[in-house]
Novice: 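For reference, the structure I am asking about is given below.
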Amino acid sequence: MKFNKFFFVLTIVIASCNTETTQQSAPDNSKVLTLADGDYIQFPDATKWNADWKKDNTLTIHWMQEPDNLHPCNGRTLSRSVVFSLIHRSLVALNPLTRKLAADLIKEIPESADGKTFHFTLQDEPAFNDGTKLTTDDVLFSFKTYKCSLVNSAVRNSSNGIENVTAESAESFTITFKNVLAGNLFSLTDFPILERKFYDAENVLGKYSFTDFEKEMVATKADALSIWAQNFNDGKFGNDVSLIQGLGAYQITDWQRGQTLTLTKKENHWTQKLSSDILNRASPEKIIFKIITDENALLLAARNQDFDASFWLPGKVLMDLQKDSVFNQNYYSCYTASYDYSYIGFNTKPTDSKRAEIFDDLNVRKAFALLTPVDQIIANLLGGKALRMTSIVSPLKKDVFVSWLKPYEFNIDEAKKLLSDAGWSDTDGDKILDKKIGGKKIEMKVELLFPLGPSVIRDMALLLKDAYAKAGIDLQPVVLDPNALGARLVQHDFDMYLGGLSSSSAPDDFTNSWSHSSWQNHGMNFTGFGNGATDAIIDSIKSCLNESKRIETERAFQKMVYDDYPIIPLYYNVKKIAVNRRWANVIVCFDKPYILFGNLELMSNKLSY
């Protein structure tokens with residue numbers, strides 16, 4: 001979870017929960033909508049039924065990429081997080097309408113006398129698929145699992161801030177954090193609560209306290225904990241649909257790899273006993289995620305109404321569709337700002353992964369930034385449907401966003417001078433720059449890794465190749481399956497890559513994406529940015545309880561990243577959204593999951609035909 005709003009005591013929680021929200025109905029579907037247009041967008045329900053609309057209560061969602069896996073601990077993709085929002089529940093959650101913290105599996109958000117110790121009480125209703133009621137046994141098991149060093153956990157860094165988890169009864173428990181941090185409670189959104197009986201039938205973890213997992217565990221073949229961890233890490237828990245279990249209202253019932261992922265609504269789910277809060281609504285009986293990557297196939301699918309909703313549409317596709325009157329009769333559509341951004345990342349510590357020593361030089365990174373035609377990319381490839389990026393924080397976060405940072409200027413002559421100053425020249429006349437490093441001649445041949453996906457990504461890579469060639473750089477685009485790309489990035493085996501970062505409206509925690517320790521531990525800091533001093537600043541942002549001081553420090557950190565050029569900022573992502581008008585209660589928000597899928601209600605029983 002990427003955090004970005006201060007949160008500490010109960011009085012602040014109450015004020016946040018009571019904040020009124022604004023909405024915009026029937027938005028302008030040609031401009032990029034932001035928070036200035038409302039806290040969320042609600043489309044007016046259709047007033048007349050179209051004979052072409054399907055009557056079944058199955059919601060088909062288009063996406064470009066399926067999850068790498070659906071294991072409760074392992075995985076990093078956006079598509080995975082969308083599925084998790086439907087099949088899992090956590091102790092607390094972000095309300096997508098208010099963008100504030102809300103109680104989920106607990107009765108209420110607790111206050112804390114010291115800012116570190118929080119006492120929780122579970123709701124009475126939550127129960128697992130087998131009918132077993134949720135208890136603190138499951139809560140403790142979940143947090144031990146995420147903490148255990150023998151588990152391949154993508155959220156272990158988040159669990160490192162927790163000092164202890166203890167239970168007072170089957171319903172009451174206490175979480176103690178190591179430090180007083182602005183994002184302590186928000187961090188709990190990272191952890192789906194798992195059924196102990198299902199994942200640990202022998203209660204192996206029950207023999208350990210949470211603090212036992214503070215130390216690094218050493219695996220042995222005969223040790224019961226090692227045997228349990230080896231079994232839990234098995235890919236079956238992320239790929240076999242019968243072994244993917246959660247507290248959410250939907251159950252995965254079919255997964256045709258590379259094609260569709262099907263979720264079916266659980267009968268008599270525990271949320272039906274609660275009020276129809278936005279977090280508990282689950283109207284579609286079935287949800288099918290369908291992969292369509294070819295843009296021509298996507299145009300045809302939209303015209304044939306082969307999908308009901310998407311926030312993955314390429315900009316060119318939606319712009320073409322919006323010119324079609326039939327599409328507009330059948331679909332709501334809009335462009336919305338988001339907390340996510342796209343960028344080009346450099347390997348600033350190439351020697352550690354035995355890559356060519358190119359981007360450890362600040363002048364070289366600056367030169368590449370000046371050679372990157374970002375405005376041309378946005379205008380020609382994205383149809384203007386993107387916001388030029390300047391900072392690692394989204395402008396949706398108006399309180400901390402540094403508005404005075406300017407885009408890196410496109411300037412070929414200045415870029416050539418910087419490369420020359422860094423010792424790069426064409427000594428052999430082959431039109432490719434070279435330099436002697438450690439007595440060895442190195443040519444500026446640079447791999448650019450990018451993910452398999454929409455044609456716009458490939459077109460961007462080719463545009464960059466042409467742009468960089470004007471300065472004597474041989475850019476070599478390499479397309480990889482997203483999972484293979486992720487593996488290369490984690491191992492720091494790259495020169496440059498096209499990447500994206502998914503954030504949210506919660507308070508910023510730059511630890512995983514920007515701390516040097518994250519790079520050392522093969523976390524999400526792929527570039528190698530940072531050192532002990534910048535890590536200390538990241539820690540101070542997390543721990544600062546003075547709002548104005550925290551904002552000042554966070555803005556200063558944005559400037560540090562900006563000045564160091566570990567990335568070339570491209571653009572803040574704009575979600576291209578379409579929802580079929582056969583659905584009522586269509587709400588679009590700026591935070592994940594962007595479209596409130598569970599809120600969609602079939603119109604067929606409301607309108608005359």
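Computed from a prediction, not measured in an experiment: that's the story for all the values here. Only this structure's heavy atoms are used, side chains among them; waters, hydrogens and symmetry mates stay out. One is the number of the first residue; the rest follow in order along the sequence.
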Novice: Do the side chains of Asp37 and Lys31 get close enough for a salt bridge, i.e. N-O under 4.0 angstrom?
Specialist: yes
Novice: At what distance, to the nearest 0.5 angstrom, does NZ of Lys116 lie from CG of Asn179?
Specialist: 7.0 Å
Novice: Answer yes or no: is there an ion pair linking Arg281 with Asp277, defined by an N-O contact shorter than 4.0 Å?
Specialist: no
Novice: Under a 4.0 Å N-O cut-off, is there an ion pair linking Glu214 with Lys147?
Specialist: yes
Novice: Quick check on the 6.0 Å ring-centre criterion: do Tyr572 and Tyr339 meet it?
Specialist: no
Novice: Would you compute the distance between atom CD of Glu554 and atom CG of Asp399 and round it to the nearest 0.5 angstrom?
Specialist: 7.5 Å
Novice: Considering non-hydrogen atoms only, spot the tightest contact between Val588 and Cys334 and give its length.
Specialist: CG1-SG, 4.3 Å
Novice: Closest heavy-atom contact between Leu545 and Ala182?
Specialist: CD2-N, 4.2 Å
Novice: Check whether the ring centres of His62 and Phe289 lie less than 6.0 Å apart, and answer yes or no.
Specialist: no
Novice: In Å and rounded to the nearest 0.5 Å, what is the CG to OG distance from Leu498 to Ser342?
Specialist: 8.5 Å
Novice: With a 4.0 Å cut-off, would you call Lys542 and Asp539 a salt bridge?
Specialist: yes
Novice: Indicate yes or no for a side-chain donor-acceptor contact from Lys385 to the backbone of Thr336 under 3.5 Å, with no hydrogens or angles considered.
Specialist: no
Novice: For Pro566 and Val561, work out which heavy atoms get closest and say how close.
Specialist: CD-O, 3.2 Å
Novice: Nearest 0.5 Å, please: how far is CG in Asn184 from NZ in Lys178?
Specialist: 11.5 Å
Novice: Below 6.0 angstrom between ring centroids: does that apply to Tyr199 and Phe237?
Specialist: yes
Novice: Ring-plane angle category for Phe526 and Tyr497, please: parallel below 30°, perpendicular beyond 60°, tilted otherwise.
Specialist: perpendicular
Novice: Would Phe210 and Phe141 count as a close aromatic pair, with their ring centres under 6.0 Å?
Specialist: no
Novice: Checking Ser391 side chain against Gln558 main chain: does a donor-acceptor pair fall under 3.5 Å?
Specialist: no
Novice: Ignoring hydrogens, what is the shortest heavy-atom contact between Leu396 and Leu35? Give both atom names and the distance.
Specialist: O-CD1, 3.5 Å
Novice: Ignoring hydrogens, what is the shortest heavy-atom contact between Phe450 and Leu485? Give both atom names and the distance.
Specialist: C-CD2, 4.1 Å
Novice: Can you tell whether the side chains of Arg89 and Asp104 come within less than 4.0 Å, N to carboxylate O?
Specialist: yes
Novice: Could you pull out the closest heavy-atom pair between Ala533 and Asn531, with the gap in Å?
Specialist: N-OD1, 2.9 Å
Novice: The test is ring pair (Phe, Tyr, Trp, His ring centres under 6.0 Å); show your working for Phe368 and Phe359 and say whether it passes.
Specialist: CA-CA 10 Å; Phe368 271 71; Phe359 296 117; 4.9 Å; yes
Novice: Check whether any side-chain N or O of Lys576 sits under 3.5 Å from a backbone N or O of Pro314 as a donor-acceptor pair, and report yes or no.
Specialist: no
Novice: When you compare the side chains of Asp114 and Thr117, does any donor N or O come within less than 3.5 Å of an acceptor on the partner?
Specialist: yes
Novice: Under 3.5 Å, is there a donor on one side chain and an acceptor on the other for Tyr594 and Asp340?
Specialist: yes
Novice: Judged by modelled atom types alone, do Thr135 and Asp137 share a side-chain donor-acceptor pair under 3.5 Å?
Specialist: no
Novice: Look up atom NZ in Lys559 and atom CZ in Phe557, then write down how far apart they are to the nearest 0.5 Å.
Specialist: 13.5 Å
Novice: Would the distance check show the side chain of Ser394 and the main-chain N or O of Ser338 forming a donor-acceptor pair, the cut-off being under 3.5 Å?
Specialist: yes
Novice: Is the shortest side-chain N to carboxylate O distance from Asp591 to Arg99 below 4.0 Å?
Specialist: no
Novice: Taking atom types as modelled, is there a side-chain donor on Thr174 or Glu168 under 3.5 Å from an acceptor on the other?
Specialist: yes
Novice: How long is the gap from OG on Ser540 to CZ on Arg550, to the nearest 0.5 Å?
Specialist: 11.0 Å
Novice: Would you check if the side chain of Ser90 reaches a backbone N or O of Ala93 as a donor-acceptor pair within less than 3.5 Å?
Specialist: no
Novice: Indicate, with yes or no, if the rings of Phe346 and Tyr565 have centres closer together than 6.0 Å.
Specialist: no
Novice: Check the orientation of Phe118 and Phe120. Use parallel for under 30°, tilted for 30 to 60°, and perpendicular for over 60°.
Specialist: tilted
